[in-house]
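All ligand and atom numbering here is 1-based and tracks the order in the structure.
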Amino acid sequence: MQPLLRVDRLSVAFSSDAGRHTAVDDLSFSIAPGESLALVGESGSGKSVTALAILRLLDPRAQVAGSIWFREEDWLQLPERAMTTRRGRDAAMVFQEPMTALNPVMSIGKQIAEAIRVHRRDLSRSAVRQRAIEALESVSIPEPHLRFDDYPHQFSGGQRQRILIAMALVNRPSLIVADEPTTALDVTVQAQILGLLRELKERSNAALLFISHDLSVVAQIAQRVAVMRKGQIVEIAACAQLFANPQHPYTQSLLAAVPTMHSNRNAPLAAAETIGIMPEGPLVEVAPCHWTRVAE
Ligand SMILES: Nc1ncnc2c1ncn2[C@@H]1O[C@H](COP(=O)(O)OP(=O)(O)O)[C@@H](O)[C@H]1O
Ligand SMILES: [Mg+2]
């Protein structure tokens with residue numbers, strides 16, 4: 001099948017007085033229509049930079065190379081004007097921090113209505129309002145017609161994340177990029193939001209790029225997993241295959257660090273570097289659709 005998204009040899013670097021820092025290093029992967037792929041890795045491994053690069057939301061000073069093929073189009077070659085019509089309509093982003101991603105001085109109804117209006121100038125005011133209310137209903141905000149004019153601070157953290165998801169899905173994008181969408185939430189709410197995302201993804205048949213530092217979360221939502229380290233993929237496989245038969249020592253160390261019932265889920269992943277040798281050679285297919293880096 002033709003992929004929906006094909007990231008091809010993406011590199012992103014930042015320059016500062018301290019020198020040039022490569023955040024994403026020659027990264028390639030693709031997502032089929034309706035598929036869910038997780039990017040997982042420690043903090044600083046380049047997950048968010050990858051997500052932002054796909055939607056062309058990076059700091060303009062970032063030096064970006066490679067291609068982001070969305071269907072037949074390389075988004076890295078599009079003028080900014082064209083990109084604004086792709087964002088939200090073709091691919092939409094759910095951010096980690098709903099409090100900073102929502103505008104605190106605008107009612108949530110108005111924010112969702114604006115997201116609709118960007119792509120649907122043909123709809124009347126009342127039709128836009130109706131759509132926004134339906135969007136809130138779809139993420140189980142109780143009595144959305146009464147909550148339409150409320151502000152973000154009048155909702156709980158879990159509800160704010162639901163509102164962000166509603167906003168991302170309101171134009172029915174074929175790709176949802178969710179960057180640590182449950183990390184700021186407590187475990188019970190986290191499970192509810194994951195369930196909601198899974199359900200909405202299935203109902204809309206959208207593809208999902210799900211980003212997390214937490215392998216136990218990834219296991220609940222992704223069909224395939226790509227493990228990132230220092231801006232590169234070190235291993236990529238079907239979720240079940242990766243968990244049952246991890247090949248790269250970095251993946252093995254991440255799996256060993258998966259929190260249990262009794263440990264702190266929000267603690268940073270254990271230092272994988274203690275393992276020692278990290279094969280940094282080419283990605284090799286070790287089993288069908290299971291690729292891992294081997295020694296050079
Ligand atoms: N705007 C920026 N300017 C300079 N460096 C950045 C910027 N954004 C991210 N980085 C750097 O890129 C690397 C990858 O960051 P990021 O993608 O946010 O990691 P992750 O999401 O995996 O935790 C980090 O070293 C980070 O400091
Ligand atoms: Mg991040």
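- For atom 27 (O) of ligand 1, no protein non-hydrogen atom is found at a distance below 4.0 Å.
- The local environment of CZ in R61 is sparse, with at most 12 non-hydrogen atoms from other residues, nucleotides or ligands closer than 6.0 Å.
- Residue-to-ligand polar distances place G46 within reach of ligand 1: an N/O pair is separated by less than 3.5 Å.
- The nearest protein atom to atom 18 (O) of ligand 1, hydrogens excluded, is given as S48 CB, 3.6 Å; this is a heavy-atom distance.
- Using a 4.0 Å cut-off between charged nitrogen and carboxylate oxygen, R293 and E235 do not count as a salt-bridge pair.
- Heavy-atom contacts of E42 reach the following atoms of ligand 1: 22 (O) (cutoff under 4.0 Å).
- Both tests pass for R147 against the ring of F155: distance under 6.0 Å to the centre and angle within 45° of the axis.
- With F148 as the aromatic partner, R129 meets the cation-pi criteria of under 6.0 angstrom to the ring centre and within 45 degrees of the ring axis.
- Here the straight-line distance linking atom OG1 of T182 with atom CD of Q161 works out to 8.0 Å at 0.5 Å rounding.
- Of the heavy atoms in H21, only side-chain atoms (C-beta onward) come closer than 4.0 Å to ligand 1.
- Salt bridge annotation for R229-E280: present, with a cationic side-chain nitrogen under 4.0 angstrom from a carboxylate oxygen.
- In terms of protein heavy-atom proximity, atom 7 (C) of ligand 1 is closest to F14 CZ, 3.4 Å.
- Taking both residues in full, the closest heavy atoms of G88 and N171 are given as O-CB, 3.5 Å, listed atom of the first, atom of the second, then distance.
- For a distance threshold of 2.8 Å, the protein N, O or S atoms nearer than that to the Mg ion (ligand 2), listed by chain and number, are S48 OG.
- The contact set between ligand 1 and S43, taken as ligand atoms under 4.0 Å from a residue heavy atom, comprises 23 (O).
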**Prompt:** Between D214 and S216, does a side-chain hydrogen bond (donor to acceptor under 3.5 Å, both in side chains) hold up when you go through it step by step?
**Reply:** CA-CA 5 Å; D214 187 341; S216 59; 2.5 Å; yes

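- Of the protein's non-hydrogen atoms, the one nearest atom 23 (O) of ligand 1 is G44 N, 2.7 Å.
- The N/O atoms of T50, backbone and side chain alike, include none that comes under 3.5 Å of an N/O atom in ligand 1.
- Here the side chains of P181 and L197 are in contact, with some heavy-atom distance below 4.5 Å.
- How far CD of Q63 is from CZ of F14: 9.0 Å, rounded to the nearest 0.5 Å.
- The pair E202-R198 does not count as a salt bridge, with every side-chain nitrogen at least 4.0 angstrom from each carboxylate oxygen.
- When only non-hydrogen protein atoms are considered, atom 17 (O) of ligand 1 lies nearest to V49 N, 2.9 Å.
- Given atom 12 (O) of ligand 1, the protein heavy atom at minimum distance is A23 CB, 3.2 Å.
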